[in-house]
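Here's the structure, in C-alpha coordinates; my notes come after.
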Amino acid sequence: MSQIKIFKIDGEYITLSQFLKEESIIASGGQAKFYLSENPVKLNGELEARRGKKLHPGDKLEVDNELYEFE
(Lines give C-alpha, C1' and ligand atoms only; values in the text may rest on other atoms or scores of the structure.)
Protein backbone atom coordinates (compact mmCIF):
# COMPACT_ATOMS: atom_id res chain seq x y z
CA MET A 1 0.00 0.00 0.00
CA SER A 2 1.41 3.36 -0.98
CA GLN A 3 0.90 6.72 0.68
CA ILE A 4 -2.54 8.24 1.06
CA LYS A 5 -3.68 10.28 -1.93
CA ILE A 6 -5.81 13.33 -1.20
CA PHE A 7 -8.82 13.83 -3.48
CA LYS A 8 -10.58 17.19 -3.33
CA ILE A 9 -14.35 17.05 -3.83
CA ASP A 10 -15.94 19.97 -5.64
CA GLY A 11 -19.27 20.38 -3.91
CA GLU A 12 -20.90 18.28 -1.21
CA TYR A 13 -20.00 14.80 -2.51
CA ILE A 14 -18.91 12.71 -5.49
CA THR A 15 -20.35 9.31 -6.41
CA LEU A 16 -18.15 6.24 -6.46
CA SER A 17 -18.54 5.82 -10.24
CA GLN A 18 -17.67 9.51 -10.82
CA PHE A 19 -14.57 9.09 -8.67
CA LEU A 20 -13.44 5.93 -10.51
CA LYS A 21 -13.84 7.76 -13.83
CA GLU A 22 -12.11 10.91 -12.55
CA GLU A 23 -9.09 8.87 -11.40
CA SER A 24 -8.98 6.99 -14.76
CA ILE A 25 -9.59 3.65 -13.04
CA ILE A 26 -12.46 3.12 -15.50
CA ALA A 27 -12.97 4.77 -18.88
CA SER A 28 -16.72 5.43 -18.58
CA GLY A 29 -19.42 5.44 -15.94
CA GLY A 30 -20.98 2.40 -17.58
CA GLN A 31 -17.96 0.30 -16.60
CA ALA A 32 -18.43 1.00 -12.89
CA LYS A 33 -20.89 -1.82 -12.21
CA PHE A 34 -18.62 -4.42 -13.85
CA TYR A 35 -15.48 -3.01 -12.20
CA LEU A 36 -17.07 -3.06 -8.74
CA SER A 37 -18.31 -6.65 -9.21
CA GLU A 38 -14.78 -7.81 -10.12
CA ASN A 39 -12.61 -5.63 -7.83
CA PRO A 40 -12.94 -5.19 -4.07
CA VAL A 41 -13.34 -1.55 -3.05
CA LYS A 42 -13.38 -0.56 0.62
CA LEU A 43 -15.02 2.62 1.89
CA ASN A 44 -14.05 3.44 5.48
CA GLY A 45 -12.96 -0.18 5.96
CA GLU A 46 -16.19 -1.75 4.61
CA LEU A 47 -16.62 -3.41 1.22
CA GLU A 48 -18.60 -1.13 -1.10
CA ALA A 49 -20.05 -2.16 -4.48
CA ARG A 50 -22.72 0.52 -5.07
CA ARG A 51 -21.58 2.72 -7.94
CA GLY A 52 -23.91 5.53 -6.81
CA LYS A 53 -22.54 5.57 -3.25
CA LYS A 54 -21.87 9.17 -2.21
CA LEU A 55 -18.32 9.91 -1.07
CA HIS A 56 -17.99 12.84 1.33
CA PRO A 57 -15.07 14.78 2.80
CA GLY A 58 -13.42 12.70 5.53
CA ASP A 59 -14.17 9.37 3.81
CA LYS A 60 -11.33 6.96 3.09
CA LEU A 61 -11.43 4.71 0.04
CA GLU A 62 -9.19 1.77 -0.78
CA VAL A 63 -9.20 0.86 -4.47
CA ASP A 64 -6.66 -0.83 -6.76
CA ASN A 65 -4.08 -1.00 -3.92
CA GLU A 66 -4.30 2.77 -3.43
CA LEU A 67 -5.67 4.63 -0.42
CA TYR A 68 -7.58 7.87 -1.00
CA GLU A 69 -8.79 10.42 1.52
CA PHE A 70 -11.51 12.86 0.51
CA GLU A 71 -11.48 16.57 1.37
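This structure is a prediction, so every number in the text was calculated from the model and none was measured. Throughout, numbering of the chain's residues begins at 1 and tracks the sequence.
- In this structure, the separation between NZ on Lys21 and CG on Leu16 is 14.0 Å, given to the nearest 0.5 Å.
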Derivation of the side chain to side chain contact (heavy atoms under 4.5 Å, CB included) call for Asn44 and Leu61: CA-CA 6 Å; Asn44 300 324; Leu61 189 73; over 6 Å; no
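- Taking all atoms of both residues into account, the shortest heavy-atom contact from Tyr68 to Ile4 is C-CG2, 4.3 Å.
- Going from atom CG of Leu20 over to atom OG1 of Thr15 covers 8.5 Å, rounded to the nearest 0.5 Å.
- Listed by first and then second residue, the side-chain hydrogen bond (donor to acceptor under 3.5 Å, both in side chains) pairs that reach into residues 26-37 come to none, sequence neighbours excluded.
- Contact of the Ile25 side chain with the Asn39 side chain is not registered, since no non-hydrogen atoms from C-beta on lie closer than 4.5 Å.
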Below 3.5 Å, can you tabulate the donor-acceptor pairs from side chains in residues 50-57 to any protein atom, sequence neighbours excluded?
unit_1	atom_1	unit_2	atom_2	d
Arg50	NE	Glu48	OE2	2.8
Arg50	NH2	Glu48	OE1	2.9

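- Partners of Glu69 according to the side-chain hydrogen bond (donor to acceptor under 3.5 Å, both in side chains) rule, which considers only residues two or more places apart in sequence or in another chain, do not exist here.
- Tyr13 and Val41 are members of different hydrophobic clusters when ILVMFWY side chains are connected at heavy-atom separations under 4.5 Å.
- Taken to the nearest 0.5 Å, the OG atom of Ser17 stands 6.0 Å off from the CD1 atom of Ile26.
- Within the hydrophobic cluster formed by Ile, Leu, Val, Met, Phe, Trp and Tyr side chains joined at under 4.5 Å, directly or through other members, Leu47 stands alone, with no partner residue.
- Residues that satisfy the side-chain hydrogen bond (donor to acceptor under 3.5 Å, both in side chains) test with Asp64, not counting sequence neighbours, are absent from this structure.
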Audit row: Ile6, Phe70, side chain to side chain contact (heavy atoms under 4.5 Å, CB included) steps and yes/no: CA-CA 6 Å; Ile6 302 298; Phe70 295 89; over 6 Å; no
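- With hydrogens and angles ignored, the 3.5 Å screen pairs no side-chain donor or acceptor of Glu46 with any backbone N or O of Leu43.
- Side-chain contact between Ile9 and Phe19 is absent, with no heavy-atom pair separated by less than 4.5 Å.
- Every side-chain hydrogen bond (donor to acceptor under 3.5 Å, both in side chains) that Glu71 has, sequence neighbours left out, goes to Lys8.
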